[in-house]
Protein chains: 2
Amino acid sequence: MDTSSLPANVLDPDCPSRVIFQRIGDKWASLVVQVLADGPIRFSELRKMVHVVTPKVLTQTLRTLERDGLITRTVHAQVPPRVDYELTELGASLLEPLTLLRLWAEDHVPSILKARDAYDDAQDEAVMGD
Amino acid sequence: MDTSSLPANVLDPDCPSRVIFQRIGDKWASLVVQVLADGPIRFSELRKMVHVVTPKVLTQTLRTLERDGLITRTVHAQVPPRVDYELTELGASLLEPLTLLRLWAEDHVPSILKARDAYDDAQDEAVMGD
DNA sequence: GCTGCTGGTATCCATGAGGTAACTAAGTTC
DNA sequence: GAACTTAGTTACCTCATGGATACCAGCAGC
């Protein structure tokens with residue numbers, strides 16, 4: 001795979017990849033997308049799965065993903081209400097690069113944490129030496 | 001590729017993927033990594049390439065990447081000084097998933113922007129109807 | 001000794017993402 | 001008619017990110 005060629009527009013502030021990188025960096029968005037990979041799920045189940053996210057923040061996250069066309073929101077006319085969230089085709093297509101990134105993370109984050117410790121130790125020694 | 005199975009730890013707040021997702025979401029970090037794909041580069045060149053990032057923010061970004069062991073910082077004893085930044089092996093290995101994500105973005109961001117427009121129009125109409 | 005170059009720091013500030021806590025609507029059951 | 005359910009909303013607060021601006025150190029050349 002050729003990873004060395006850089007399209008000019010990556011440096012453009014309006015570059016499309018910025019849109020996605022920002023969405024990935026969102027604290028809950030990529031998590032929600034991965035949970036939705038297993039099929040539609042309702043609001044309350046999502047809340048339970050995604051640890052202790054508050055309803056406000058979860059709603060915000062879901063609205064953003066819906067606006068971007070990555071998920072759909074389906075309200076069932078029931079009482080008590082039932083709202084299902086589901087990946088769109090577009091959202092599902094994001095799973096592949098997202099999963100690859102997650103796999104890379106699982107492989108390499110230990111190295112990163114080790115590098116951090118080493119860096120911080122070196123910093124501490126430098127300060128001591130002053 | 002199997003994207004449906006979800007490792008339990010993705011829901012863990014200490015999950016390794018969070019570390020990476022956060023770094024990707026950093027406004028400049030993933031950009032710098034991609035620029036460094038073409039080989040070592042010095043501070044001032046980086047500043048020119050990455051549009052108009054201020055030196056403070058660029059330094060912050062580079063220090064973070066260095067701390068994570070993704071890049072190295074090499075000071076040459078010259079006058080005027082010369083400092084080169086270069087990807088480590090670890091940093092280079094991140095290029096592959098990052099590039100796949102960028103390619104996905106280039107393919108699909110138009111759809112996302114279209115979805116946003118449609119969503120916003122629908123919202124406007126809903127407000128008008130009130 | 002003044003200026004210029006590089007690679008930064010130092011200081012202050014605005015914005016927005018994310019969090020807390022309390023409240024709501026609408027129908028159903030008891 | 002009080003309580004419970006789901007799927008939120010509202011108001012408020014905090015803190016990290018990122019940006020603007022100014023300054024600095026060291027040496028070369030004039």
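For the numbers below, each heavy atom of this structure counts, side chains included, while hydrogens, waters and symmetry mates do not. Letters A, B, ... are given to chains in the order of the sequence lines, protein chains preceding strands, and every chain is numbered from 1.
Atom pair B:Lys27:NZ and D:dA16:C1' shows a separation of 14 Å (rounding to whole Å applied). Straight-line distance from the CG atom of A:Leu62 to the C1' atom of C:dA17: 16 Å, rounded to whole Å. The nearest whole Å value for the distance from the NE2 atom in B:His76 to the C1' atom in C:dG8 is 16 Å. Atom CD of A:Gln78 and atom C1' of C:dT28 are 13 Å apart (whole Å). Here D:dA16 presents its P atom at 13 Å from NZ of B:Lys56, a figure rounded to the nearest Å. Going from atom CD of A:Glu66 over to atom C1' of D:dG8 covers 14 Å, rounded to whole Å.
Of the side-chain N and O atoms in A:Arg23, none sit less than 4.0 angstrom from OP1 or OP2 of C:dA17.
At the heavy-atom level, B:Arg47 lies nowhere under 4.0 Å from the strands shown. Heavy atoms of B:Arg82 sit under 4.0 angstrom from primed sugar atoms or phosphate atoms, though from no base atom.
In this structure, the side chain of B:Thr61 does not engage the main chain of B:Ala29 through any donor-acceptor pair within 3.5 Å.
Considering all non-hydrogen atoms of both residues, B:Asp68 and B:Leu90 come closest at O-CD2, 3.8 Å.
Which of D:dG18, C:dG7, D:dT17 sits closest to the side chain of B:Pro81 comes down to C:dG7. Listed nucleotides: C:dG7, C:dG18, D:dA20. Nearest to the side chain of B:Arg73: C:dG7. Among the nucleotides D:dA7, D:dA28, C:dG8, the one closest to the side chain of A:Phe43 is D:dA7. If you check C:dG18, D:dG19, D:dA7 against the side chain of B:Thr54, the one that comes closest is D:dG19.
With a 4.5 Å cut-off on side-chain heavy atoms, B:Ile20 and A:Arg102 do not count as touching.
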